Number of protein chains: 2
Amino acid sequence: MFISIDFADDKPIYLQIHDQVIDAIASGKMFSGSVLPSSRQLAAEFGINFHTVNKAYNLLREERYIQFSRKKTAVVSEPSMNEALLQEWDNRERTLLAELVARGVSRQDIVHRVDRLLDTVGLSVENGSKGGGQP
Amino acid sequence: MFISIDFADDKPIYLQIHDQVIDAIASGKMFSGSVLPSSRQLAAEFGINFHTVNKAYNLLREERYIQFSRKKTAVVSEPSMNEALLQEWDNRERTLLAELVARGVSRQDIVHRVDRLLDTVGLSVENGSKGGGQP
DNA sequence: TTATGTGTTATATACGATATAGAACAGATG
DNA sequence: CATCTGTTCTATATCGTATATAACACATAA
């Protein structure tokens with residue numbers, strides 16, 4: 001499975017699941033139409049409560065990353081974006097960038113660092129037909 | 001004052017203060033040696049508890065952004081950075097970048113967006129470090 | 001010296017978020 | 001029918017956030 005939970009991490013479990021699903025989509029491991037494991041199934045796999053998984057799934061649905069089909073199974077949605085989301089993203093990104101600037105990291109180093117990170121995010125391509133339209 | 005508090009924001013007050021101090025340093029409004037207002041003083045200004053301000057200050061100190069002089073006043077430290085901090089920053093930045101990638105934003109758009117954000121962060125001359133010199 | 005202001009420590013309360021637990025429900029599936 | 005799905009409800013326990021009050025050691029200025 002593409003999800004792992006670190007109980008020692010201070011980050012809430014439901015957020016760990018939430019972020020890793022987004023990461024799986026970004027990296028191409030999952031894409032529009034991919035079916036996610038059920039709440040109870042995923043919960044059993046990690047020995048956690050299925051309500052915790054539900055919380056992650058519901059958040060992902062509110063953010064339009066996934067949706068629930070009539071079969072009640074969670075599936076990855078078509079990518080969606082809007083101005084409000086971009087504005088909210090900018091706020092968080094700006095706060096993060098300010099940390100490096102405040103610590104004296106040069107602008108060139110920051111841009112290079114972001115660029116290098118983007119390399120590691122989308123290692124898609126391989127693995128079946130990605131980008132060839134929707135399944 | 002370079003700090004404002006939004007009680008409607010879901011972000012904790014102590015984190016709002018924390019992030020805005022870092023932003024002030026990044027933008028050059030504060031730099032090494034700048035004196036921050038006292039906990040009780042800043043708390044009174046916004047009608048909040050001084051323990052809340054203390055929580056923000058102590059976090060900033062643990063992160064080496066500020067320190068407390070023998071006079072017990074909080075002052076901005078010299079910029080510091082290390083590998084562990086960079087690694088931790090990468091993790092958070094990667095999660096943030098994955099959101100845009102998962103939503104279908106092109107790599108070029110993301111880089112351009114980050115570059116534009118960096119314009120708004122450091123409105124202090126060059127980067128690399130604000131001059132000023134230290135006392 | 002006295003008075004004031006600083007960060008620090010301690011105890012206490014209140015509230016929301018996180019996580020767990022168990023039960024029951026409607027709808028789809030085989 | 002039996003099973004699985006997400007959903008809803010109630011309940012509990014724990015932690016983080018925020019406030020409140022008190023007291024302390026230290027530094028500063030009157």
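Predicted model only: the values in this text are computed from it and were never measured. Just so we're on the same page: letters track the sequence lines, and every chain starts at 1.
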Colleague: Please work out if B:N58 contacts a base, only the sugar-phosphate, or nothing of the nucleic acid, heavy-atom cut-off 4.0 Å.
Modeller: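 Contact class for B:N58: sugar-phosphate only.
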Colleague: Return the value, rounded to whole Å, for the distance between atom CG of B:D10 and atom C1' of C:dT18.
Modeller: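 After rounding, the reported distance stands at 15 Å.
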Colleague: More 5' along DNA chain C: A:P12 or A:K71, using each one's nearest nucleotide?
Modeller: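 Looking at the nearest nucleotide for each, A:P12 comes out on the 5' side.
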Colleague: Closer than 4.0 Å, any side-chain N/O of B:Y14 to the OP1 or OP2 of D:dA18?
Modeller: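 Looking at the OP1 and OP2 atoms of D:dA18, neither is under 4.0 Å from any side-chain N or O of B:Y14.
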Colleague: Rounding to an integer number of Å, can you tell me how far B:I5 CD1 sits from D:dT17 P?
Modeller: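 Answer to the nearest Å: 15 Å.
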Colleague: How is B:T73 classified with respect to the nucleic acid when contacts are heavy atoms under 4.0 Å: base, sugar-phosphate, or nothing?
Modeller: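 B:T73: no heavy atom of the nucleic acid under 4.0 Å.
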Colleague: Measure the distance from CG on A:L42 to P on D:dG6 and round it to the nearest whole Å.
Modeller: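 Answer to the nearest Å: 10 Å.
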Colleague: Salt bridge between B:E99 and B:R103, side-chain N to carboxylate O under 4.0 Å?
Modeller: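 Not counted as a salt bridge, because no side-chain N and carboxylate O are separated by less than 4.0 Å.
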Colleague: Let me know the distance between CD of A:Q67 and C1' of D:dT7, rounded to the nearest Å.
Modeller: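 Rounded to the whole Å, the gap is 17 Å.
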Colleague: Please tell me which of the listed nucleotides, D:dA18, C:dG7, C:dA21, lies nearest to the side chain of B:I13?
Modeller: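 For B:I13, the side-chain atoms sit closest to D:dA18.
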Colleague: Hey, does the side-chain of A:H51 have a donor or acceptor N/O within less than 3.5 Å of a partner on the base of D:dG6?
Modeller: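 Check fails, no donor-acceptor contact within cut-off.
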Colleague: Can you confirm whether B:I48 sits close enough to B:I17 that some side-chain heavy atom of one is under 4.5 Å from a side-chain heavy atom of the other?
Modeller: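 When only atoms from C-beta onward are counted, B:I17 and B:I48 do touch, with a gap below 4.5 Å.
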Colleague: Decide yes or no, distance alone: a donor-acceptor N/O pair under 3.5 angstrom between the base of C:dG5 and the side-chain of B:R40.
Modeller: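 Absent.
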Colleague: Counting the atoms with a prime plus P, OP1 and OP2 as sugar-phosphate, which does B:F50 contact under 4.0 Å by heavy atoms, base, sugar-phosphate, or nothing?
Modeller: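 Touches a base.
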Colleague: For A:K72 and D:dG6, give me the distance from atom NZ to atom C1', rounded to whole Å.
Modeller: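 These atoms are roughly 5 Å apart.
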Colleague: Please state how far atom CD in A:Q41 lies from atom C1' in D:dT3, giving the value in whole angstrom units.
Modeller: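 One finds 14 Å between C1' of D:dT3 and CD of A:Q41, rounded.
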Colleague: Check whether A:Q20 reaches the backbone of A:S4 with its side chain - one donor and one acceptor, N or O, closer than 3.5 Å.
Modeller: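 Yes, A:Q20 side chain to A:S4 backbone: donor-acceptor pair under 3.5 Å.
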Colleague: Are A:K55 and C:dA19 close enough that a side-chain N or O sits under 4.0 Å from OP1 or OP2?
Modeller: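 Checking A:K55 against C:dA19: no side-chain N or O falls below 4.0 Å of OP1 or OP2.
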Colleague: Whether A:S38 contacts D:dT5 is assessed here as follows: a side-chain N or O lying under 4.0 Å from the phosphate OP1 or OP2. Is that the case?
Modeller: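 Looking at the OP1 and OP2 atoms of D:dT5, one of them is under 4.0 Å from a side-chain N or O of A:S38.
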Colleague: What's the CD1-C1' distance between B:I66 and C:dG7, to the nearest Å?
Modeller: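 So the CD1-C1' distance, B:I66 to C:dG7, works out to 11 Å.
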Colleague: Is the positively charged end of B:K55 above the ring of B:Y14, judged by distance under 6.0 angstrom from the centroid and angle within 45° of the axis?
Modeller: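 The answer is yes; both the distance and angle limits are met.
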Colleague: For D:dT19, does OP1 or OP2 lie under 4.0 Å from any side-chain N or O of B:T52?
Modeller: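 True: B:T52 side-chain N/O within range (under 4.0 Å) of D:dT19 OP1/OP2.
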Colleague: Let me know the distance between CD of B:Q16 and P of D:dA18, rounded to the nearest Å.
Modeller: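 Roughly 8 Å, once rounded to whole Å.
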Colleague: Judged by modelled atom types alone, do A:R94 and A:N91 share a side-chain donor-acceptor pair under 3.5 Å?
Modeller: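 Looking only at side-chain atoms, A:N91 and A:R94 do not form any donor-acceptor pair under 3.5 Å.
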